[in-house]
Student: 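Submitted below is the structure of interest, expressed as structure tokens.
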Amino acid sequence: MICEAVKILGATVSCEAGHWYVSMQVEIKKPLPPAPTPVVGVDVGLKQAAVVSDGRVLENQRPLALHLKKLGRLQRALARKQKTKDPQTGRTVFSRNYQKQRVKVARKHQQIAAIRADSQHKFTTELARTCGIIGLEDLNILGMMANRKLARAVADAAMGQLLQFLKTKVANAGGDLFIASRWFPSTKRCSCCGHIKKRMPLKHRTYQCLVCGLSIDRDLNAALNLAWFASEQLRQLRA
């Protein structure tokens, strides 16, 4: 039975890794719930997928790294399957065993993506429901991917997907997002006194303030700075 408040706009049928899906686009008329008021900052990274200024942490599942050995075996088996080139048309003809193995590889990729998306969906849904104002940092993900030593880890973390989930769900929940420039010193700035260090190498996992003596995890310190940034932006808007 379909509720009268729901209007079906369309449906799309797709096949992914041998599985068929139907995606329905609907329009639901419902009042926008009041947004929660807490202000938090979220620091996205590789060691932990996300650290919230209130202490919540999304651990990096690293699904690709965990399934890389199995995925490699499947891909090597795929490479050994028979494929020939038609001399008349020039098109490549794949054997049935090749097609079966291709589906196995696709399903392994689908499993890896599903593990990653599941944890990100749960985390972003909880955050959007409990926090009204969220501060984020604009990340140069393409630049990080250009580093061959970090490219696989950055792709495995899917930071861009996490940020997109968060932006969509916070907007639907009636909250506000404030995105700091990539030049904002979230890691170098002390969340207690505001002192900014000249350098903060990645090997230093603890932030030690040279002025007030604060000792705090670098990711939590960055999240607190992003929460401060969001609060300042909100204050300026209301002024």
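Computed from a prediction, not measured in an experiment: that's the story for all the values here.
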Student: Between Q99 and R102, is any side-chain donor less than 3.5 angstrom from a side-chain acceptor?
Tutor: yes
Student: For side chain to side chain donor-acceptor pair (under 3.5 Å), just list the numbers for Q61 and S119, CA-CA rounded to whole Å, side-chain angles, deciding distance to a tenth of an Å, and then say yes or no.
Tutor: CA-CA 8 Å; Q61 302 292 325; S119 61; 4.6 Å; no
Student: To the closest 0.5 Å, what do you measure between CG (L163) and CG (L136)?
Tutor: 6.0 Å
Student: Could you pull out all residues at least two apart from E16 that satisfy side chain to side chain donor-acceptor pair (under 3.5 Å)?
Tutor: none
Student: Check whether L224 and L58 end up in the same hydrophobic cluster, where Ile, Leu, Val, Met, Phe, Trp and Tyr are linked by side-chain heavy atoms less than 4.5 Å apart.
Tutor: no
Student: Show me the side-chain donor-acceptor pairs of residues 203-215 shorter than 3.5 Å, one per line, residues at least two apart or across chains.
Tutor:
{"unit_1": "R205", "atom_1": "NH2", "unit_2": "D219", "atom_2": "OD2", "d": "3.0"}
{"unit_1": "Y207", "atom_1": "OH", "unit_2": "K188", "atom_2": "O", "d": "2.8"}
{"unit_1": "Y207", "atom_1": "OH", "unit_2": "C190", "atom_2": "N", "d": "3.2"}
{"unit_1": "Y207", "atom_1": "OH", "unit_2": "H195", "atom_2": "O", "d": "3.3"}
{"unit_1": "Q208", "atom_1": "NE2", "unit_2": "S215", "atom_2": "OG", "d": "3.0"}

Student: If you measure from CZ on R218 to OG on S191, what distance do you get to the nearest 0.5 Å?
Tutor: 13.0 Å
Student: Can you tell me how far apart CG (D217) and CG (D43) are? Round to the nearest 0.5 Å.
Tutor: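 It is 9.0 Å, given to the nearest 0.5 Å.
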Student: By the ring pair (Phe, Tyr, Trp, His ring centres under 6.0 Å) test, which pairs, at least two apart or in different chains, include something from residues 128-163?
Tutor: none
Student: Assess the residue pair N97 and Q82 against the criterion (side chain to side chain contact (heavy atoms under 4.5 Å, CB included)); give the C-alpha distance rounded to whole Å, side-chain angles, the decisive distance to 0.1 Å, and a yes or no.
Tutor: CA-CA 8 Å; N97 284 336; Q82 183 178 4; over 6 Å; no
Student: Could you go through T124 and L162, starting from their C-alpha distance and side-chain angles, then the distance that decides it, and tell me whether this counts as side chain to side chain contact (heavy atoms under 4.5 Å, CB included)?
Tutor: CA-CA 8 Å; T124 52; L162 176 63; 3.6 Å; yes
Student: Do I141 and L177 share a hydrophobic cluster (ILVMFWY, side-chain heavy atoms under 4.5 Å, transitive)?
Tutor: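 Same cluster.
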Student: Would you call K104 and Q101 a side-chain contact if the rule is heavy atoms closer than 4.5 Å?
Tutor: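 Yes, side chains in contact.
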Student: Evaluate whether atom CD of Q236 has more than 12 neighbouring non-hydrogen atoms of other residues, nucleotides or ligands under 6.0 angstrom away.
Tutor: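 Yes, because the 6.0 Å sphere around CD of Q236 holds more than 12 heavy atoms from other groups.
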Student: I'd like to check the side chain to side chain donor-acceptor pair (under 3.5 Å) partners of R238; sequence neighbours left out, ordered by chain and number.
Tutor: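 Expected list: none.
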Student: Who are the side chain to side chain donor-acceptor pair (under 3.5 Å) partners of N225, not counting sequence neighbours?
Tutor: R189
Student: How far does NZ of K83 sit from OG1 of T92, to the nearest 0.5 angstrom?
Tutor: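 Separation between the atoms: 8.0 Å.
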Student: Quick check: are there more than 12 heavy atoms from other residues, nucleotides or ligands sitting under 6.0 Å from CZ of R152?
Tutor: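 No, because the 6.0 Å sphere around CZ of R152 holds 12 heavy atoms or fewer from other groups.
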Student: Check this for me: L237, atom CG, are more than 12 non-hydrogen atoms of other residues, nucleotides or ligands nearer than 6.0 Å?
Tutor: yes
Student: For V44 and L139, work out which heavy atoms get closest and say how close.
Tutor: CB-CD1, 4.1 Å
Student: With sequence neighbours left out, which residue pairs that include part of residues 107-154 fulfil the ring pair (Phe, Tyr, Trp, His ring centres under 6.0 Å) condition?
Tutor: H121-F165
Student: Could you pull out all residues at least two apart from R235 that satisfy salt bridge (charged side-chain N to carboxylate O under 4.0 Å, His left out)?
Tutor: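 So R235 forms a salt bridge (charged side-chain N to carboxylate O under 4.0 Å, His left out) with E232.
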Student: Enumerate the salt bridge (Lys or Arg N to Asp or Glu O under 4.0 Å) contacts for residues 105-126, please, sequence neighbours excluded, ordered by first and then second residue.
Tutor: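 Pairs touching residues 105-126 that pass the test: R56-E126, R116-D156, D118-K122.
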Student: Any ring pair (Phe, Tyr, Trp, His ring centres under 6.0 Å) pairs touching residues 220-239, not counting sequence neighbours?
Tutor: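 Counting only pairs at least two positions apart or across chains, the ring pair (Phe, Tyr, Trp, His ring centres under 6.0 Å) contacts touching residues 220-239 are F184-F229.
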Student: Can you give me the closest heavy-atom contact between A227 and G41, atom names plus distance?
Tutor: CB-N, 3.3 Å
Student: Please name all residues satisfying side chain to side chain donor-acceptor pair (under 3.5 Å) with T125, sequence neighbours left out, ordered by chain then number.
Tutor: K169
Student: Is L9 reachable from V22 through a run of hydrophobic residues whose side-chain heavy atoms are each under 4.5 Å from the next?
Tutor: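 The answer is no; the residues belong to distinct hydrophobic clusters.
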Student: Using the rule that Ile, Leu, Val, Met, Phe, Trp and Tyr join whenever any side-chain heavy atoms are under 4.5 Å apart, tell me whether M159 and V57 fall into a single cluster.
Tutor: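 The answer is no; the residues belong to distinct hydrophobic clusters.
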Student: Answer whether the closest heavy-atom distance between the side chains of E137 and L226 falls below 4.5 Å.
Tutor: yes
Student: Under the ring pair (Phe, Tyr, Trp, His ring centres under 6.0 Å) definition, can you give me all pairs with a residue in residues 83-105, not counting sequence neighbours?
Tutor: F94-Y98
Student: In the single-linkage hydrophobic clustering (I, L, V, M, F, W, Y; side-chain heavy atoms under 4.5 Å), do W183 and I196 co-cluster?
Tutor: no
Student: Counting only heavy atoms not in K197, do more than 12 sit closer than 6.0 Å to its NZ atom?
Tutor: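 Counting other residues, nucleotides and ligands, NZ of K197 exceeds 12 neighbours.
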Student: Identify each donor-acceptor pair in which a side-chain atom of residues 62-80 lies under 3.5 Å from a protein atom, sequence neighbours left out, and give them as a table.
Tutor:
{"unit_1": "R62", "atom_1": "NH2", "unit_2": "L46", "atom_2": "O", "d": "3.4"}
{"unit_1": "H67", "atom_1": "ND1", "unit_2": "P63", "atom_2": "O", "d": "3.0"}

Student: Whether the side chain of D138 engages the backbone of I179 through a donor-acceptor N/O pair (distance < 3.5 Å, no angle test) should be reported.
Tutor: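 No, D138 side chain to I179 backbone: no donor-acceptor pair under 3.5 Å.
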Student: Can you tell me how far the NZ atom of K7 sits from the CD atom of Q25, to the nearest 0.5 Å?
Tutor: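 If we round to the nearest 0.5 Å, K7:NZ and Q25:CD are 11.0 Å apart.
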